[in-house]
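Below: the structure, in C-alpha coordinates.
Any value given below was found using the heavy atoms of this structure, including those in side chains, with hydrogens, waters and symmetry copies removed. In what follows, chains carry the letters A, B, and so on, assigned in the order in which the sequence lines appear, proteins first and then strands, with residues in each chain numbered from 1.
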There are 2 protein chains.
Amino acid sequence: MIVPIGNDSEDDEARRELGDRLREARKYLGLTQEEVAGYLRIPRTALSDIESGQRRVEAIELTRLARLYRQSVGYFTGEDEMSATLPPDVAHLARRVADLSMEDREELGRFAEYLRARASKDTL
Amino acid sequence: MIVPIGNDSEDDEARRELGDRLREARKYLGLTQEEVAGYLRIPRTALSDIESGQRRVEAIELTRLARLYRQSVGYFTGEDEMSATLPPDVAHLARRVADLSMEDREELGRFAEYLRARASKDTL
DNA sequence: CTTGAATGTCGGAATTACCAACATTATAAT
DNA sequence: ATTATAATGTTGGTAATTCCGACATTCAAG
(Lines give C-alpha, C1' and ligand atoms only; values in the text may rest on other atoms or scores of the structure.)
Protein backbone atom coordinates (compact mmCIF):
# COMPACT_ATOMS: atom_id res chain seq x y z
CA MET A 1 0.00 0.00 0.00
CA ILE A 2 1.09 3.52 -0.72
CA VAL A 3 2.08 5.45 2.38
CA PRO A 4 -0.17 8.49 2.86
CA ILE A 5 1.11 12.06 2.70
CA GLY A 6 0.20 15.19 4.58
CA ASN A 7 -1.40 15.57 7.99
CA ASP A 8 -3.52 18.59 8.88
CA SER A 9 -0.68 20.74 10.17
CA GLU A 10 1.37 20.05 7.07
CA ASP A 11 -1.58 21.18 5.01
CA ASP A 12 -1.76 24.40 7.00
CA GLU A 13 1.91 25.09 6.48
CA ALA A 14 1.70 24.37 2.76
CA ARG A 15 -1.24 26.76 2.50
CA ARG A 16 0.65 29.46 4.35
CA GLU A 17 3.63 29.14 2.02
CA LEU A 18 1.38 29.23 -1.01
CA GLY A 19 -0.41 32.27 0.36
CA ASP A 20 2.87 34.03 1.06
CA ARG A 21 4.07 33.52 -2.49
CA LEU A 22 0.78 34.71 -3.91
CA ARG A 23 0.82 37.84 -1.76
CA GLU A 24 4.40 38.60 -2.66
CA ALA A 25 3.68 38.22 -6.37
CA ARG A 26 0.63 40.48 -6.16
CA LYS A 27 2.44 43.23 -4.29
CA TYR A 28 5.35 42.99 -6.69
CA LEU A 29 2.97 43.88 -9.49
CA GLY A 30 1.42 46.64 -7.38
CA LEU A 31 -2.05 45.12 -7.51
CA THR A 32 -4.63 45.36 -4.75
CA GLN A 33 -6.61 42.44 -3.35
CA GLU A 34 -9.72 44.02 -4.79
CA GLU A 35 -8.30 44.16 -8.31
CA VAL A 36 -7.10 40.58 -8.25
CA ALA A 37 -10.26 39.30 -6.58
CA GLY A 38 -12.34 41.05 -9.23
CA TYR A 39 -10.24 39.43 -11.92
CA LEU A 40 -10.79 36.00 -10.39
CA ARG A 41 -14.45 36.75 -9.64
CA ILE A 42 -14.10 35.85 -5.98
CA PRO A 43 -14.78 38.04 -2.92
CA ARG A 44 -11.92 40.24 -1.84
CA THR A 45 -12.09 38.76 1.65
CA ALA A 46 -11.55 35.36 0.08
CA LEU A 47 -8.26 36.54 -1.38
CA SER A 48 -7.35 37.95 2.00
CA ASP A 49 -7.97 34.53 3.49
CA ILE A 50 -6.04 32.82 0.71
CA GLU A 51 -2.98 34.96 1.22
CA SER A 52 -2.99 34.22 4.93
CA GLY A 53 -3.48 30.51 4.34
CA GLN A 54 -7.00 30.39 5.76
CA ARG A 55 -8.81 29.40 2.59
CA ARG A 56 -8.12 26.64 0.11
CA VAL A 57 -7.01 27.60 -3.38
CA GLU A 58 -8.59 25.71 -6.21
CA ALA A 59 -6.22 24.41 -8.86
CA ILE A 60 -8.00 26.47 -11.51
CA GLU A 61 -7.80 29.61 -9.42
CA LEU A 62 -4.09 29.04 -8.98
CA THR A 63 -3.66 28.53 -12.71
CA ARG A 64 -5.28 31.88 -13.43
CA LEU A 65 -3.37 33.65 -10.69
CA ALA A 66 -0.16 32.27 -12.14
CA ARG A 67 -1.09 33.71 -15.54
CA LEU A 68 -1.99 37.06 -14.02
CA TYR A 69 1.20 37.16 -12.00
CA ARG A 70 3.26 35.86 -14.91
CA GLN A 71 4.78 32.96 -13.07
CA SER A 72 4.60 29.20 -13.49
CA VAL A 73 2.13 27.37 -11.29
CA GLY A 74 5.03 25.26 -10.12
CA TYR A 75 6.66 28.34 -8.64
CA PHE A 76 3.71 28.93 -6.34
CA THR A 77 3.33 25.32 -5.29
CA GLY A 78 7.04 25.21 -4.48
CA GLU A 79 7.74 22.60 -7.08
CA ASP A 80 11.45 22.00 -7.07
CA GLU A 81 13.12 22.42 -10.42
CA MET A 82 14.50 18.89 -10.39
CA SER A 83 11.09 17.30 -10.64
CA ALA A 84 10.31 19.33 -13.74
CA THR A 85 13.69 19.15 -15.44
CA LEU A 86 15.06 16.03 -17.00
CA PRO A 87 18.55 14.70 -16.21
CA PRO A 88 20.71 14.78 -19.37
CA ASP A 89 21.03 11.04 -19.86
CA VAL A 90 17.32 10.61 -19.32
CA ALA A 91 16.63 13.25 -21.94
CA HIS A 92 18.80 11.25 -24.33
CA LEU A 93 16.72 8.15 -23.72
CA ALA A 94 13.56 10.19 -24.10
CA ARG A 95 14.62 11.37 -27.52
CA ARG A 96 15.06 7.81 -28.72
CA VAL A 97 11.73 6.85 -27.19
CA ALA A 98 10.00 9.66 -29.02
CA ASP A 99 9.83 7.82 -32.33
CA LEU A 100 8.44 4.60 -30.95
CA SER A 101 4.84 3.68 -31.56
CA MET A 102 2.23 4.23 -28.86
CA GLU A 103 2.06 0.52 -28.16
CA ASP A 104 5.80 0.24 -27.80
CA ARG A 105 5.88 3.26 -25.54
CA GLU A 106 3.34 1.62 -23.30
CA GLU A 107 5.27 -1.61 -23.28
CA LEU A 108 8.44 0.27 -22.45
CA GLY A 109 6.56 2.11 -19.74
CA ARG A 110 5.43 -1.12 -18.17
CA PHE A 111 8.97 -2.42 -18.27
CA ALA A 112 10.24 0.77 -16.62
CA GLU A 113 7.58 0.37 -13.96
CA TYR A 114 8.72 -3.19 -13.40
CA LEU A 115 12.32 -2.07 -12.97
CA ARG A 116 11.23 0.64 -10.60
CA ALA A 117 9.19 -1.70 -8.49
CA ARG A 118 12.04 -4.18 -8.42
CA ALA A 119 14.48 -1.54 -7.24
CA SER A 120 12.37 0.00 -4.50
CA LYS A 121 9.51 -1.86 -2.92
CA ASP A 122 7.27 0.61 -1.09
CA THR A 123 8.95 3.97 -1.31
CA LEU A 124 6.29 6.45 -2.21
CA MET B 1 -9.56 47.81 -14.21
CA ILE B 2 -8.43 44.31 -14.98
CA VAL B 3 -10.84 42.42 -17.19
CA PRO B 4 -12.18 39.35 -15.35
CA ILE B 5 -11.47 35.81 -16.49
CA GLY B 6 -13.55 32.64 -16.46
CA ASN B 7 -17.31 32.25 -16.40
CA ASP B 8 -18.99 29.23 -14.84
CA SER B 9 -18.99 27.08 -17.95
CA GLU B 10 -15.33 27.80 -18.58
CA ASP B 11 -14.64 26.64 -15.04
CA ASP B 12 -16.52 23.42 -15.70
CA GLU B 13 -14.56 22.86 -18.88
CA ALA B 14 -11.24 23.46 -17.15
CA ARG B 15 -12.19 21.06 -14.37
CA ARG B 16 -13.11 18.37 -16.86
CA GLU B 17 -9.77 18.70 -18.63
CA LEU B 18 -7.91 18.61 -15.34
CA GLY B 19 -9.87 15.56 -14.25
CA ASP B 20 -9.19 13.82 -17.53
CA ARG B 21 -5.46 14.35 -17.23
CA LEU B 22 -5.47 13.17 -13.63
CA ARG B 23 -7.39 10.03 -14.52
CA GLU B 24 -5.15 9.27 -17.44
CA ALA B 25 -2.04 9.66 -15.30
CA ARG B 26 -3.44 7.40 -12.59
CA LYS B 27 -4.42 4.66 -14.98
CA TYR B 28 -1.09 4.95 -16.72
CA LEU B 29 0.57 4.01 -13.43
CA GLY B 30 -1.96 1.24 -12.85
CA LEU B 31 -3.22 2.74 -9.59
CA THR B 32 -6.80 2.49 -8.32
CA GLN B 33 -8.88 5.40 -7.08
CA GLU B 34 -8.81 3.84 -3.63
CA GLU B 35 -5.02 3.73 -3.53
CA VAL B 36 -4.62 7.32 -4.66
CA ALA B 37 -7.41 8.58 -2.43
CA GLY B 38 -5.84 6.83 0.53
CA TYR B 39 -2.52 8.45 -0.31
CA LEU B 40 -4.15 11.89 -0.40
CA ARG B 41 -6.33 11.14 2.63
CA ILE B 42 -9.53 12.03 0.82
CA PRO B 43 -12.62 9.84 0.24
CA ARG B 44 -12.45 7.62 -2.81
CA THR B 45 -15.70 9.09 -4.04
CA ALA B 46 -14.06 12.49 -3.94
CA LEU B 47 -11.39 11.31 -6.36
CA SER B 48 -14.11 9.87 -8.55
CA ASP B 49 -15.76 13.29 -8.60
CA ILE B 50 -12.45 15.03 -9.24
CA GLU B 51 -11.66 12.87 -12.25
CA SER B 52 -15.06 13.58 -13.74
CA GLY B 53 -14.73 17.30 -13.07
CA GLN B 54 -17.45 17.43 -10.41
CA ARG B 55 -15.29 18.44 -7.47
CA ARG B 56 -12.75 21.19 -7.11
CA VAL B 57 -9.12 20.23 -6.70
CA GLU B 58 -7.20 22.13 -4.11
CA ALA B 59 -3.81 23.44 -5.19
CA ILE B 60 -2.10 21.38 -2.50
CA GLU B 61 -3.93 18.24 -3.55
CA LEU B 62 -2.83 18.82 -7.11
CA THR B 63 0.75 19.34 -5.99
CA ARG B 64 0.76 15.99 -4.23
CA LEU B 65 -0.97 14.22 -7.08
CA ALA B 66 1.66 15.60 -9.43
CA ARG B 67 4.39 14.17 -7.22
CA LEU B 68 2.67 10.81 -7.01
CA TYR B 69 2.11 10.73 -10.75
CA ARG B 70 5.59 12.07 -11.43
CA GLN B 71 4.46 14.93 -13.57
CA SER B 72 4.81 18.66 -13.24
CA VAL B 73 1.80 20.48 -11.85
CA GLY B 74 1.89 22.60 -14.98
CA TYR B 75 1.17 19.56 -17.10
CA PHE B 76 -2.12 18.95 -15.32
CA THR B 77 -3.18 22.58 -15.40
CA GLY B 78 -2.46 22.68 -19.12
CA GLU B 79 0.53 24.95 -18.82
CA ASP B 80 2.40 24.75 -22.09
CA GLU B 81 6.14 25.06 -21.78
CA MET B 82 8.29 21.98 -21.78
CA SER B 83 5.35 20.03 -23.13
CA ALA B 84 6.12 21.38 -26.58
CA THR B 85 9.60 19.87 -26.50
CA LEU B 86 8.57 16.38 -25.45
CA PRO B 87 5.28 14.57 -25.98
CA PRO B 88 3.51 14.22 -22.61
CA ASP B 89 3.70 10.46 -22.45
CA VAL B 90 7.40 10.56 -23.27
CA ALA B 91 8.03 13.16 -20.62
CA HIS B 92 6.07 10.99 -18.25
CA LEU B 93 8.16 7.96 -19.04
CA ALA B 94 11.34 9.98 -18.75
CA ARG B 95 10.43 11.18 -15.31
CA ARG B 96 9.83 7.66 -14.13
CA VAL B 97 13.15 6.65 -15.59
CA ALA B 98 14.85 9.41 -13.65
CA ASP B 99 14.98 7.52 -10.38
CA LEU B 100 16.16 4.25 -11.79
CA SER B 101 19.69 3.10 -11.12
CA MET B 102 22.36 3.48 -13.79
CA GLU B 103 22.27 -0.23 -14.58
CA ASP B 104 18.51 -0.27 -14.86
CA ARG B 105 18.62 2.73 -17.18
CA GLU B 106 21.02 0.88 -19.45
CA GLU B 107 18.83 -2.17 -19.38
CA LEU B 108 15.84 -0.04 -20.24
CA GLY B 109 17.82 1.58 -23.04
CA ARG B 110 18.64 -1.80 -24.56
CA PHE B 111 14.99 -2.76 -24.37
CA ALA B 112 14.06 0.47 -26.15
CA GLU B 113 16.55 -0.39 -28.87
CA TYR B 114 15.00 -3.82 -29.19
CA LEU B 115 11.54 -2.32 -29.57
CA ARG B 116 12.84 0.10 -32.18
CA ALA B 117 14.45 -2.66 -34.18
CA ARG B 118 11.33 -4.79 -33.95
CA ALA B 119 9.20 -1.88 -35.18
CA SER B 120 11.40 -0.99 -38.14
CA LYS B 121 11.41 -4.60 -39.30
CA ASP B 122 7.71 -4.24 -40.11
CA THR B 123 8.10 -1.03 -42.09
CA LEU B 124 11.08 -2.08 -44.24
C1' DC C 1 -22.39 -16.19 -17.46
C1' DT C 2 -20.62 -15.39 -12.90
C1' DT C 3 -17.64 -13.48 -9.65
C1' DG C 4 -15.10 -9.90 -7.47
C1' DA C 5 -12.92 -5.60 -8.05
C1' DA C 6 -13.24 -0.98 -9.50
C1' DT C 7 -15.89 2.92 -10.26
C1' DG C 8 -20.22 5.74 -10.28
C1' DT C 9 -24.18 7.82 -7.87
C1' DC C 10 -27.31 9.25 -4.34
C1' DG C 11 -29.24 11.74 0.21
C1' DG C 12 -28.29 13.71 4.44
C1' DA C 13 -24.64 15.26 7.73
C1' DA C 14 -20.50 17.96 8.32
C1' DT C 15 -17.37 21.28 6.74
C1' DT C 16 -16.13 25.34 4.19
C1' DA C 17 -16.91 29.56 1.55
C1' DC C 18 -19.49 33.59 0.94
C1' DC C 19 -21.35 37.94 2.35
C1' DA C 20 -22.03 42.26 4.70
C1' DA C 21 -20.65 45.09 8.12
C1' DC C 22 -17.31 46.77 10.93
C1' DA C 23 -12.26 47.04 12.79
C1' DT C 24 -7.59 47.65 11.99
C1' DT C 25 -3.54 48.91 9.48
C1' DA C 26 -0.96 51.31 5.85
C1' DT C 27 -0.02 55.28 3.02
C1' DA C 28 0.31 59.94 1.78
C1' DA C 29 -0.31 64.76 2.32
C1' DT C 30 -0.30 68.78 5.04
C1' DA D 1 1.96 64.40 14.41
C1' DT D 2 -2.69 64.42 12.53
C1' DT D 3 -5.95 63.65 9.33
C1' DA D 4 -7.99 61.44 5.37
C1' DT D 5 -8.38 57.68 2.45
C1' DA D 6 -7.25 53.35 0.73
C1' DA D 7 -6.14 48.73 1.70
C1' DT D 8 -6.51 44.85 4.42
C1' DG D 9 -8.20 41.99 8.38
C1' DT D 10 -11.99 39.97 11.15
C1' DT D 11 -16.52 38.15 12.59
C1' DG D 12 -21.16 35.90 12.69
C1' DG D 13 -24.87 34.12 10.13
C1' DT D 14 -26.11 31.99 5.75
C1' DA D 15 -25.30 29.64 1.46
C1' DA D 16 -22.67 26.35 -0.94
C1' DT D 17 -19.62 22.44 -1.15
C1' DT D 18 -17.65 18.31 0.53
C1' DC D 19 -17.80 14.19 3.11
C1' DC D 20 -19.77 9.83 4.28
C1' DG D 21 -22.11 5.52 3.91
C1' DA D 22 -24.89 2.66 1.20
C1' DC D 23 -26.12 0.94 -2.97
C1' DA D 24 -25.84 0.69 -8.30
C1' DT D 25 -23.20 0.06 -12.31
C1' DT D 26 -19.28 -1.15 -15.06
C1' DC D 27 -15.16 -3.73 -15.97
C1' DA D 28 -12.00 -7.67 -16.27
C1' DA D 29 -10.83 -12.32 -15.60
C1' DG D 30 -12.08 -17.11 -15.26
Side-chain angles (χ1 to χ4, degrees), chain A residues 1-2 4-65 68-69 103 106-107 109-110 113 124, chain B residues 1-2 4-65 68-69 76:
Chain A
M1 178 229 179
I2 307 177
I5 190 177
N7 51 47
D8 291 333
S9 58
E10 280 181 315
D11 288 0
D12 289 346
E13 172 157 351
R15 275 188 210 104
R16 271 196 301 273
E17 290 180 5
L18 174 58
D20 286 343
R21 294 191 188 99
L22 288 172
R23 188 194 298 270
E24 184 186 34
R26 176 180 60 80
K27 294 177 99 171
Y28 181 78
L29 293 181
L31 299 173
T32 69
Q33 289 182 350
E34 184 160 13
E35 290 172 313
V36 173
Y39 170 79
L40 276 188
R41 296 174 173 281
I42 67 175
R44 177 193 60 80
T45 54
L47 188 58
S48 175
D49 286 339
I50 284 175
E51 292 183 348
S52 60
Q54 299 180 85
R55 178 193 177 277
R56 299 177 176 171
V57 186
E58 188 192 0
I60 293 176
E61 292 171 335
L62 178 61
T63 300
R64 290 171 180 160
L65 282 173
L68 177 62
Y69 295 158
E103 296 77 25
E106 288 177 9
E107 186 169 353
R110 285 192 294 274
E113 186 57 38
L124 281 179
Chain B
M1 179 231 181
I2 308 176
I5 191 178
N7 51 48
D8 290 334
S9 59
E10 279 182 313
D11 288 0
D12 291 345
E13 169 78 9
R15 278 191 205 100
R16 270 195 301 274
E17 290 181 7
L18 174 57
D20 285 344
R21 286 192 268 260
L22 288 172
R23 166 169 289 157
E24 183 187 33
R26 176 180 59 81
K27 294 176 97 171
Y28 187 76
L29 292 181
L31 298 173
T32 68
Q33 289 181 349
E34 183 158 9
E35 289 173 312
V36 174
Y39 169 78
L40 276 187
R41 298 175 171 281
I42 66 175
R44 178 193 62 78
T45 54
L47 189 58
S48 175
D49 287 339
I50 283 176
E51 292 183 348
S52 60
Q54 300 181 88
R55 178 192 177 277
R56 299 176 177 169
V57 185
E58 189 193 359
I60 293 176
E61 292 172 334
L62 177 61
T63 300
R64 290 172 180 160
L65 281 173
L68 178 62
Y69 295 158
F76 292 109

List for me each residue that meets salt bridge (charged side-chain N to carboxylate O under 4.0 Å, His left out) alongside [X], sequence neighbours excluded, and say none if there are none.
X     : answer
A:R15 : A:D12, B:E58
B:D49 : none
B:E51 : B:R23, B:R26

- request: Mind listing the residues from residues 21-34 of chain A sitting with a heavy atom below 4.0 Å of DNA chain D? Number order is fine.
  value: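 Heavy-atom contacts with DNA chain D come from A:R23, A:R26, A:T32, A:Q33.
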task: Give the first and the last nucleotide of DNA chain C, reading 5' to 3', that has any atom under 4.0 Å from a heavy atom of chain B.
output: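 Extent of the interface on DNA chain C: C:dA6 to C:dT9.
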message: Under the salt bridge (charged side-chain N to carboxylate O under 4.0 Å, His left out) definition, can you give me all pairs with a residue in residues 35-48 of chain B, not counting sequence neighbours?
response: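 Salt bridge (charged side-chain N to carboxylate O under 4.0 Å, His left out) check on residues 35-48 of chain B returns no pairs.
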task: First locate atom OG1 of A:T63, then atom CG of B:L62, and finally report the distance between them rounded to the nearest 0.5 Å.
output: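 A:T63 OG1 to B:L62 CG: 7.5 Å, rounded to 0.5 Å.
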query: In terms of side-chain geometry, is the basic nitrogen of A:D11 or B:R64 positioned less than 4.0 Å from the acidic oxygen of its partner?
result: yes
- request: Tell me, please, which residues at least two apart from B:E17 pass side chain to side chain contact (heavy atoms under 4.5 Å, CB included).
  value: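 Side chain to side chain contact (heavy atoms under 4.5 Å, CB included) list for B:E17, sorted by chain: B:E13, B:R21.
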query: B:A14: what forms a side chain to side chain contact (heavy atoms under 4.5 Å, CB included) with it, not counting sequence neighbours?
result: A:I60
side-chain hydrogen bond (donor to acceptor under 3.5 Å, both in side chains) involving B:Q54 - partner list, sequence neighbours excluded: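 B:S52.
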message: Restricting to side-chain hydrogen bond (donor to acceptor under 3.5 Å, both in side chains), what partner residues turn up for B:N7, sequence neighbours left out?
response: B:S9
Flag side-chain contact, heavy atom, 4.5 Å: A:L68 against A:Y39: yes
message: I'd like to check A:I50 versus A:I42 (side-chain heavy atoms, cut-off strictly below 4.5 Å). Are they in contact?
response: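 In contact.
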query: Axis-to-axis angle across the helix from C:dC1-D:dG30 to C:dT30-D:dA1, five pairs an end, to 10 degrees?
result: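 Both end axes considered, the difference amounts to 60°.
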field: B/S/- contact track for nucleotides 10-26 of chain D, protein heavy atom under 4.0 Å
entry: B------SSSBB-----
